[in-house]
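Worksheet for the structure shown next.
We number each residue from 1, following the sequence as shown. Note that the coordinates shown come from a computational prediction; the quantities given were computed from them, not determined experimentally.
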Amino acid sequence: MYNNEDFLRLVTAVLASDGHVSGKERRFLVSLAGQWQVSLEAVDALVVQALAGKEVFKLPVTLKGQKDLITALADAVAVDGEIAP
């Protein structure tokens, strides 16, 4: 089953792909966590995992879940206005 923490894990990986998570990016993650009812402790753990390259991804199987994920990922990229590997 795909859950809100799985969504947040993928968004976190996108934000951490440049090797760091800025304050602005972390505030965005905290905001999403609040909307998706994910604990702040989980946010911290996901950031650590993403920065270490230790995340394991699951993808949504429903069309709604896929659309929600794409929207969240696009919002994540827009947070700091730059895309960097």
key: Interatomic spacing from NZ in K64 to CG in D68 - rounded to 0.5 Å   = 3.5 Å
By side-chain hydrogen bond (donor to acceptor under 3.5 Å, both in side chains) - contacts of K54 (at least two apart) = none
ask   = If two hydrophobic side chains count as joined below 4.5 Å and joins carry through other members, does V14 share a cluster with V48?
value = no
Would you confirm whether [X], through its side chain, and [Y], through its main-chain N or O, come within 3.5 Å as a donor-acceptor pair?
{"X": "D6", "Y": "N3", "answer": "yes"}
{"X": "S31", "Y": "R27", "answer": "no"}
{"X": "E25", "Y": "S22", "answer": "yes"}

Exactly one of [options] should register a side-chain contact (heavy atoms from CB on, under 4.5 Å) with [X]. Which one does?
{"X": "R26", "options": "V47, D44, L15", "result": "D44"}
{"X": "V38", "options": "L29, L8, L32", "result": "L8"}
{"X": "L46", "options": "T12, V11, L10", "result": "T12"}

note = Minimal heavy-atom distance between A16 and A50, with the atoms involved, is CB-CB, 3.7 Å
remark   = Closest heavy-atom pair, E5 versus A42, reported as atoms and distance to 0.1 Å, is OE1-CB, 3.9 Å
task = Output, in order, the C-alpha distance, side-chain angles, deciding distance and verdict of side-chain contact (heavy atoms from CB on, under 4.5 Å) for Q66 and I70.
result = CA-CA 6 Å; Q66 292 165 358; I70 294 298; 5.6 Å; no
note = In short, ring pair (Phe, Tyr, Trp, His ring centres under 6.0 Å) pairs touching residues 13-47 with sequence neighbours left out are F7-W36
